[in-house]
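Written below as structure tokens is the structure these notes are about.
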Amino acid sequence: MRAGAMRENLTFTTLSETQTASGSVTKQWVESYSCKAMLKRVSPVYDKDGVQAKEEYQGTNQYFIVRMTSTITDKMRISYRGNWYEIILIEPIYAD
């Protein structure tokens, strides 16, 4: 693993439910873990005619590579540079 490439700061947040004195439940995202990550750059794919291959729905995906830990779960959210991201897939890379 290239630890020098991990320059981005990620903050992982967890949904927390608290009950007020009146009995109502409030939900808020609280910071639970932070670490360094590498942002994987994704480039578009073109076919032989120069047409960009893409699906009808094109969402925004960011791929972050972090060191393997059991602390990160798919129920968390990521805060990165003022934006919030949902975790779709956690895939361990055993080769690194």
Side-chain angles (χ1 to χ4, degrees):
M1 172 167 285
R2 297 178 2 202
M6 294 191 169
R7 297 184 183 111
E8 309 298 330
N9 292 319
L10 294 184
T11 303
F12 293 86
T13 57
T14 307
L15 186 62
S16 173
E17 295 182 353
T18 56
Q19 190 170 9
T20 62
S22 64
S24 66
V25 176
T26 59
K27 297 179 181 180
Q28 64 182 3
W29 292 95
V30 293
E31 182 179 328
S32 58
Y33 184 70
S34 63
C35 67
K36 293 280 192 177
M38 181 177 77
L39 180 61
K40 184 177 177 183
R41 304 285 180 208
V42 180
S43 58
V45 177
Y46 296 95
D47 66 1
K48 64 180 180 177
D49 297 325
V51 178
Q52 181 181 355
K54 61 181 176 182
E55 297 179 10
E56 199 168 309
Y57 170 76
Q58 184 177 3
T60 303
N61 293 332
Q62 294 286 342
Y63 298 95
F64 296 105
I65 298 175
V66 297
R67 292 195 183 270
M68 189 184 300
T69 178
S70 60
T71 308
I72 301 171
T73 65
D74 59 349
K75 305 266 188 267
M76 294 179 164
R77 299 292 183 264
I78 298 173
S79 173
Y80 172 68
R81 291 189 180 179
N83 296 318
W84 290 89
Y85 297 94
E86 179 182 4
I87 299 174
I88 302 295
L89 175 68
I90 298 175
E91 183 177 357
I93 303 172
Y94 294 108
D96 290 340

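Computation of the quantities below employed the complete heavy-atom set of this structure, encompassing side-chain atoms and omitting hydrogens, waters and symmetry-equivalent molecules. Remember, predicted model here, so these are calculated numbers, not experimental data.
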Answer with yes or no whether the side chains of Y80 and Q62 bring together a donor and an acceptor at under 3.5 Å. no
Go through the structure and list residues passing side-chain contact (heavy atoms from CB on, under 4.5 Å) with [X], not counting sequence neighbours.
X   : result
S70 : none
E91 : L89
K27 : L15, E17

How many angstroms lie between [atom1] in [X] and [atom2] in [Y], if you round to the nearest 0.5 Å?
X   : Y   : atom1 : atom2 : value
M6  : I65 : CE    : CD1   : 7.0 Å
R7  : M38 : CZ    : CE    : 10.0 Å
M76 : E31 : CE    : CD    : 10.5 Å
Y33 : L10 : OH    : CG    : 10.0 Å

Considering residues, nucleotides and ligands other than K36, do more than 12 of their heavy atoms fall under 6.0 Å from its NZ? yes
Would you say the side chain of F12 lies within less than 4.5 Å of the side chain of T71, judging by non-hydrogen atoms? no
Which atom of [X] lies closest to which atom of [Y], heavy atoms considered:
X   : Y   : answer
V66 : C35 : CG1-SG, 3.8 Å
S32 : T14 : OG-OG1, 2.8 Å
I72 : I90 : O-CD1, 3.9 Å

Cluster question for you: counting only ILVMFWY and a side-chain heavy-atom cut-off of under 4.5 Å, with indirect links fine, are L39 and I87 together? yes
Once the angle between the rings of F64 and Y85 is folded into 0 to 90°, is it parallel (under 30°), tilted (30 to 60°) or perpendicular (over 60°)?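 Answer is perpendicular, since the angle exceeds 60°.
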